[in-house]
Protein chains: 2
Amino acid sequence: MALIRRFNRTVTERVGALEDSFLGRDRPLGASRLLWEIGEDGADLHELRGRLGLDSGYASRLVRRLENEGLIVVEAYPTDRRRRRLRLTAAGLAEARELDRLSNLAATALLDKVPVSNRERLLAAIAEVERLLRATLVDIAVEDPRHPDVVYCFTRYANELDARFAGGFDAGSSSSVNPEELTPPAGYCVVARLRSLPIGCGALKLHGAAPAELKRMWVDPRLRGLGVGRRLLESLEALARGNGARVLHLETNRALEEAIELYRRAGFVEVAPFNDEPYAHHWFEKLL
Amino acid sequence: MALIRRFNRTVTERVGALEDSFLGRDRPLGASRLLWEIGEDGADLHELRGRLGLDSGYASRLVRRLENEGLIVVEAYPTDRRRRRLRLTAAGLAEARELDRLSNLAATALLDKVPVSNRERLLAAIAEVERLLRATLVDIAVEDPRHPDVVYCFTRYANELDARFAGGFDAGSSSSVNPEELTPPAGYCVVARLRSLPIGCGALKLHGAAPAELKRMWVDPRLRGLGVGRRLLESLEALARGNGARVLHLETNRALEEAIELYRRAGFVEVAPFNDEPYAHHWFEKLL
DNA sequence: GATATTATCTGACCGTGGTCAGAGAAATCG
DNA sequence: CGATTTCTCTGACCACGGTCAGATAATATC
């Protein structure tokens, strides 16, 4: 614990310098950060607010300021004219690039103070800490299967299966799942999000006292091996248990090795086929 | 660079939770932090201000606030009645312990979100990052040899020599150095500080165009291997060069293996004895 | 003993981040 | 269609961290 606290102190003190590089631009830090987050492709204000965790009033003020400085243009979405789309002007793009440069400069300055012989070790350790800590920023929530984030994850899931299964994957020929079956009390969907961006999902079909079914487990490839799948699994198990299920079933394809490994480690044991899902090679069961 | 910036973002977001644990105590964060920094043994306000980097007015206000809350007592130092000594009252001690508890709780919560299998890796990486980054917080300054920080380092230096040399070390029988010789333009003292606490030193005696002498190189044992010695050496070399010296001399004892290694790596080569320093076994020289 | 320096305190001031309630406009639902 | 919800904007408000100049007292220096 003392180690973590010492780490906290050292890092905030040292790496805070990177944030400070956003300062001194005749603009509050928050405004610079917003500008920087908009990016070259522009951004949706609502989505941005979620990502940065800003109050609507505060965000509105920051946007106004950047607009007055001539750094961004604000326009309504054609599809939903309540929403605002933010785009960088030429000046805004230049300023964003300058912020980028300063931030890089600060990062370089930090590294320069470390003896050359230690730099690689530092970078490796930094990468490790970042990866492992990032996983702790993931939170998991129950969502309606029609929620855009769920739809997004399900699509990525299907695409991945199609790419990885020998012979591809066609959702139509698989035992399909309609939204009602994944809506409480018939079932559940859970979504894992990193800074409000969906990065994983899982679903549950309940059958009263009969075994519940686990469906559509997927984690963004960039975030695998960090325990996100385990946490999705745990929350679905808790939901199944809370709804009276005593046994959890799932079937999977032999191509999904890391998933199979996850299930085994979570206490699932392989059993004889309990359905005729065409894409399945392994059937698992866990007593809750 | 992108890695460092990503690291910055993740860490400040996640580890910031530790700071937040100081919040919600009906007291601004700064006040809580000050309280926590005072510690069981009390602290000198001046020293505290240096450590936390606070403005005198701001610090004074925080102290007043804690005093009014009955958490600390403020008293003048007997030796220097301008200075203020801060001590925790019973209530203050209890509050500091509570802050400690909350901070530990937050650290534990952070670790709890990491899968057990990854925890050790995370802690190891955290320790590594902390150690290496801490070194970058060290800054080096030229000081008068009579400055308390220099005196402190010289004392630690002499104590260490006494402990490590076979047969001990007696400053009197060594070729002594008086303060004038280390004061510009005759010579220089440099001190390395971590958050304004002295943690290393080095000195230089100039002899015009004749070889300059390197003296009293010392780094706190807890911070060795992080490049502090190298940085002290570099700044002294720069001073020697800037004052017209073409050659740098130093002599050292065989017990100081890591120092000898440092000199060799810095480009010093062993030469025949150029003086009769009784404690020396090795004589080095470097062309600047 | 006069002068400079050091440490603290005080009052005044400021921008920033942040919150809140309410209004208005647009979209969605029944 | 009306009712409700969603998204944004506005104005008002506030604490906090931070800075500055000047006052005061104690100490160090010459």
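The figures here come from the full heavy-atom set of this structure, side chains too, leaving out hydrogens, waters and symmetry mates. Residue numbering restarts at 1 for every chain, and letters A, B, ... go by the order of the sequence lines.
- In this structure, B/E67 places its CD atom 13 Å from C1' of C/dT8, rounding to the nearest Å.
- Applying the side chain to side chain contact (heavy atoms under 4.5 Å, CB included) test to A/A127 and every residue at least two apart in sequence or in another chain returns B/L3.
- As rounded to whole Å, 18 Å separates atom C1' of C/dC9 from atom CZ of B/R65.
- Spacing between atom CZ of B/R84 and atom P of D/dT24 amounts to 16 Å, rounded to whole angstrom units.
- Pairs engaging residues 52-64 of chain B under the salt bridge (Lys or Arg N to Asp or Glu O under 4.0 Å) rule: B/R64-B/E67 [sequence neighbours left out].
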Contacts table for residues 148-156 of chain A: side-chain donor-acceptor under 3.5 angstrom, sequence neighbours left out:
unit_1	atom_1	unit_2	atom_2	d
A/D149	OD2	A/R193	NE	2.8
A/D149	OD2	A/R193	NH2	3.0
A/Y152	OH	A/R156	NH1	2.9
A/T155	OG1	A/V151	O	2.7
A/R156	NH1	A/D220	OD2	3.4

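- A straight line from CG of A/D80 to C1' of D/dT5 spans 12 Å, rounded to a whole angstrom.
- In this structure, A/L45 places its CG atom 5 Å from P of D/dT8, rounding to the nearest Å.
- Side-chain nitrogen and oxygen atoms of B/H46 include none within less than 4.0 Å of the OP1 or OP2 phosphate oxygen of C/dT6.
- Within the 3.5 Å criterion, the main-chain N or O of A/V138 finds a donor-acceptor partner in the side chain of A/R231.
- Contacts classified as ring pair (Phe, Tyr, Trp, His ring centres under 6.0 Å) and involving residues 26-84 of chain A (residues at least two apart or in different chains) are given here: A/F22-A/W36.
- In this structure, A/D26 and A/Y77 both approach DNA chain C, and ranking their closest nucleotides by distance from the 5' end singles out A/D26.
- Straight-line distance from the CZ atom of A/R83 to the P atom of D/dC9: 13 Å, rounded to whole Å.
- Contacts of B/A91 classified as side chain to side chain contact (heavy atoms under 4.5 Å, CB included), with partners at least two apart in sequence or in another chain: B/L71, B/T89.
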Enumerate the protein-to-nucleotides 17-25 of chain C contacts in which both atoms are nitrogen or oxygen and the separation is below 3.5 Å.
unit_1	atom_1	unit_2	atom_2	d
C/dG17	OP1	A/L29	N	3.3
C/dG17	OP1	A/G30	N	2.9
C/dG17	OP2	A/Y58	OH	3.3
C/dG17	O5'	A/Y58	OH	3.1
C/dT19	O4	A/R61	NH2	2.9

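- The side chain of A/R64 contributes no N or O atom lying less than 4.0 Å from OP1 or OP2 of D/dT8.
- Rounded to whole Å, the distance from CD on B/E47 to P on C/dA7 is 12 Å.
- In summary, the side chains of A/S32 and A/R27 do present a donor paired with an acceptor at a separation below 3.5 Å, with no hydrogens or angles considered.
- Rounding to whole angstrom units, CG of residue A/L34 and C1' of C/dT16 are separated by 15 Å.
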